[in-house]
Amino acid sequence: MSETVAPTGTEKITEEIIEQLHGLGVDELHTIQEFVSYLAWKQQQAKKKSAEERAIERMGDSGDPTKWITVVEEGEEIDEIALNNWLESRGYKEEVPSQTSSESYGERSA
């Protein structure tokens with residue numbers, strides 16, 4: 001004997017919606033389909049975090065200087081060797097050109 005499983009809340013409401021859709025025309029069903037697609041899209045968008053939300057979450061890391069490597073005080077020297085080593089340790093393979101080289105900004109030949 002197989003047991004009859006009671007439908008879940010989602011299954012029950014889905015069955016009710018399907019019953020209500022019977023008898024509707026193609027245009028009406030298409031409109032409903034577009035509306036359902038919009039609701040699904042809107043729900044997905046609500047789950048995504050904005051750049052602002054992610055930045056605010058990182059504020060808790062403000063005491064950890066490794067999370068804020070782009071913060072440099074005015075006049076502070078940048079240790080290019082340490083920076084290149086840090087980048088390479090995170091998978092970046094290309095060497096960043098030094099600004100003191102002949103190819104630095106403002107010194108490029110035409």
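It should be emphasised that the depicted structure is a prediction, and the values quoted were computed from it without experimental measurement.
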Donor-acceptor pairs under 3.5 Å, side chain of residues 7-14 to any protein atom, not counting sequence neighbours: which ones?
{"residue": "Thr8", "atom": "OG1", "partner": "Glu11", "partner atom": "N", "Å": "3.2"}
{"residue": "Glu11", "atom": "OE1", "partner": "Thr8", "partner atom": "N", "Å": "3.0"}
{"residue": "Thr14", "atom": "OG1", "partner": "Thr10", "partner atom": "O", "Å": "2.7"}

Passing candidate, side chain to side chain contact (heavy atoms under 4.5 Å, CB included) with Ile81, options Asn84, Asn85, Ile78: Asn85
Value rounded to 0.5 Å, distance of CD in Glu76 from CD in Glu74: 11.0 Å
Glu53 CD: over 12 foreign heavy atoms closer than 6.0 Å: yes
Pairwise distance OH(Tyr38) to CD(Gln43) - rounded to 0.5 angstrom: 12.5 Å
Review item, side-chain donor-acceptor pairs of residues 26-36, under 3.5 Å, at least two apart:
{"residue": "Glu28", "atom": "OE1", "partner": "Gly25", "partner atom": "N", "Å": "2.7"}
{"residue": "His30", "atom": "NE2", "partner": "Glu34", "partner atom": "OE2", "Å": "2.8"}
{"residue": "Thr31", "atom": "OG1", "partner": "Asp27", "partner atom": "O", "Å": "3.0"}

Within 6.0 Å of CG in Leu39, more than 12 heavy atoms from elsewhere: yes
